[in-house]
Amino acid sequence: AQKVTQAQTEISVVEKEDVTLDCVYETRDTTYYLFWYKQPPSGELVFLIRRNSFDEQNEISGRYSWNFQKSTSSFNFTITASQVVDSAVYFCALSEAGTNAGKSTFGDGTTLTVKP
Amino acid sequence: DVKVTQSSRYLVKRTGEKVFLECVQDMDHENMFWYRQDPGLGLRLIYFSYDVKMKEKGDIPEGYSVSREKKERFSLILESASTNQTSMYLCASSSPGQGTNYEQYFGPGTRLTVT
């Protein structure tokens, strides 16, 4: 069975600080996909990034970066120079290839508060 | 851009009423999902569908049913609403291939209150 653990329930930082959101996953599949989603106070979940299990290359997009390490089954998300607009709930998710409809298992989410 | 719309942002219903939540996506996605989100419980999958007229139970299907008569539309039905079904309901769609791989696109959510 697949499982996603986001051990940090809540994180609070001051603007301009860097912050890392942790995600640890469990799966028996060799082919799988990892995702991060953002849910701002407005409520709508927004897809941020997908990583395939066979691609361990890290990714940077502006202030956002993702570190995927198969050896530790982790897919961590770092926000550099955080801003108030980054305040949201962030979800990590896992989908196994071949699963019906590619349904995802979501972590419980990390609530990030960025204070001015 | 993928667009997923839900029929209502806010809905108030009485106990025992039959409730329909509608979801429409405009990207020809095969897969559609219904979740409920409650404080402290994360996202819980109610039902999903991988094709027209195909449906499968998720983790918490009790008290719910679904209908998918057309590819773009996925309806969640509460046969007899109860107060413990007060929640935020989220619809999502996804597709393998087409330049994507199962990432889900969500609607804005429907906050349902059952009194």
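Each chain gets a letter, A, B and so on, in the order its sequence line appears, and its residues count up from 1.
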Single-linkage hydrophobic cluster [X]~[Y], side-chain heavy atoms < 4.5 angstrom:
X: A:I11; Y: A:F75; value: yes
X: A:Y33; Y: A:W66; value: no
X: A:I79; Y: A:F91; value: no
X: B:L41; Y: B:L90; value: no
X: A:L21; Y: A:L45; value: no

To the nearest 0.5 Å, what is the distance between OG on B:S94 and CZ on A:F47?
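Atom-to-atom, B:S94:OG and A:F47:CZ are 11.0 Å apart.
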Which value, rounded to the nearest 0.5 Å, describes the distance between A:S104 atom OG and B:F48 atom CZ?
11.0 Å
Max heavy-atom pair count under 4.5 Å with chain A, selected residue of B:G109, B:P108, B:G40, B:G42:
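Among B:G109, B:P108, B:G40, B:G42, the one with the most close pairs to chain A is B:P108.
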Count the heavy atoms of every other residue, nucleotide or ligand shown that sit under 6.0 Å from NZ of A:K70, and state whether that count exceeds 12.
yes
Heavy-atom count around A:F54 CZ within 6.0 Å, excluding the residue itself: above 12?
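Above 12, so yes.
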Are any of the side-chain heavy atoms of [X] and [Y] separated by less than 4.5 Å?
X: A:R50; Y: B:Y102; result: no
X: B:E56; Y: A:K103; result: no
X: A:F106; Y: B:Q104; result: yes

What part of A:T9 lies closer than 4.5 angstrom to a heavy atom of chain B: side chain, backbone, both or neither?
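For A:T9, no heavy atom lies under 4.5 Å from chain B.
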Less than 4.5 Å to any heavy atom of chain B: does that hold for the side chain of A:Q6, its backbone, both, or neither?
neither
Is B:R9 in contact with chain A via its backbone, its side chain, both, or neither, using a 4.5 Å heavy-atom distance?
side chain
